[in-house]
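Remarks on the structure that follows.
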Amino acid sequence: MTTLAWTPFIDPIDANAVWYLLLIPIALGIALAFKAVRVGDMKKYPKHVAMMTAQIITGIVLLAIASFVVIDTLIPLLTPMPAP
Amino acid sequence: MASGSTEGLNPVAALAAAAVPGAGYLVLKRPARALGAFAGIMLLFAGGLFIGGIDAVDSKEDKIWFYGQALVGPIALGIDYAHQNHFKAHDPDSNELRSGYPNETIATDAQGNRVWRELSDEEIAQGMGPPNKKGVGRMNEIGQLSCTLAGMMNLIVFLDALLPTVWTRREDGGNA
């Protein structure tokens, strides 16, 4: 019998309220794989992984802020919409 | 060419890299690099499966995403095979192979094909349902994206194992 209970790796998680936090493991995974290719001295690997993870997260947060400003502030200023 | 050669083309390392993420570096005798690449790619791929469920890897319903995910190698192909053959069944009306609705379970018809059967209220109350929940919305998108990023990172790692002298490694780790 199959049941409706949640099964890890089979059913999706219910993290819709905190979806933006899922950026952290994705950024860490990208940094781990990329720096394994890129770093010359592997003794510096953990430091570079931490730095790249922070850079990705900061970059995405800045892009989110920029998108918010454009959509919520600039576009209404440039193309005012009639009141509903 | 010796299997551990870091000059020119290295097809042995490329074969190992295609089979298991990061294994090309083991052939090149760079175990720390192999471990880092494997950890990163598997964090992305297993993380994507954890977030989006097995529905994040679907060669039939999300074909374009799967082209990127398949770059992870046999692991992605195996997950997709299991998804298509153990978690999907045929629609009893259209015969289309699809995921189940929350009020369905897999049954076998007279010809031995896997088909979806609608559950009774009593069966639903007992907790019966399809073998997996269909991923929708953000969890499905993020799961698919994470698995696809794993494939793209594995392509970089594969090319580095195949052509170890093309990339220029930097002592400072390069710009991120």
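Numbered from 1 within each chain, the chains take letters A, B, ... in sequence-line order. Here the structure is a predicted model, which is why all the values come from computation and not from measurement.
With hydrophobic clusters built from ILVMFWY side chains whose heavy atoms lie under 4.5 angstrom apart, B/Leu26 does not share a cluster with B/Val72. When the side chains of ILVMFWY residues are joined at heavy-atom separations under 4.5 Å, either directly or via intervening members, B/Met42 and B/Leu149 end up in a single hydrophobic cluster. A continuous path of hydrophobic side-chain contacts links B/Phe87 to A/Trp6 [ILVMFWY only; heavy atoms under 4.5 Å]. Criterion: ILVMFWY side-chain heavy atoms under 4.5 Å apart, direct or through other members. Under it, A/Ile10 and B/Ile142 are part of a common hydrophobic cluster. Cluster annotation: B/Leu77 and B/Val57 are assigned to the same hydrophobic cluster (Ile/Leu/Val/Met/Phe/Trp/Tyr, side-chain heavy-atom contacts under 4.5 Å, transitive).
Here the shortest heavy-atom pairing between A/Ala36 and B/Gly36 reads CB-C, 3.9 Å.
Residues A/Leu32 and B/Phe38 have side chains not in contact (no heavy-atom distance under 4.5 Å, counting atoms from C-beta outward). Side-chain contact between A/Val37 and B/Arg33: absent, with no pair of heavy atoms (C-beta onward) separated by less than 4.5 Å. Residues B/Asn132 and A/Phe9 form no side-chain contact, since every pair of their non-hydrogen atoms from C-beta on lies 4.5 Å or further apart.
Note that CD of B/Glu141 is 12.0 Å distant from CG of A/Leu22, once rounded to the nearest 0.5 Å. Here the CH2-CE distance, from A/Trp19 to B/Met139, works out to 9.0 Å after rounding to the nearest 0.5 Å. Separating the CG atom in A/Leu23 from the CG atom in B/Leu145 is a distance of 10.0 Å, to the nearest 0.5 Å.
Counting heavy-atom pairs closer than 4.5 Å to chain A, the top residue among B/Glu123, B/Met153, B/Met152 is B/Met153. Considering only heavy-atom pairs separated by less than 4.5 Å from chain A, the leading option among B/Ile79, B/Leu44, B/Leu35, B/Leu43 is B/Leu44.
Contacts from residues 46-54 of chain B to chain A, taken as heavy-atom pairs separated by less than 4.5 Å, involve B/Ala46, B/Leu49, B/Phe50, B/Ile51, B/Gly52, B/Gly53, B/Ile54 in sequence order. Near-neighbour residues of residues 56-76 of chain A relative to chain B, defined by a heavy atom under 4.5 Å from a heavy atom of that chain, are none.
Side-chain N or O atoms of B/Arg138 include none that pairs as donor or acceptor with a backbone N or O of A/Tyr20 at under 3.5 Å.
Proximity to chain B (any heavy atom under 4.5 Å) is shown, for A/Ile26, by both the backbone and the side chain. Contacts between B/Phe45 and chain A at a heavy-atom distance below 4.5 Å are absent for every atom of the residue.
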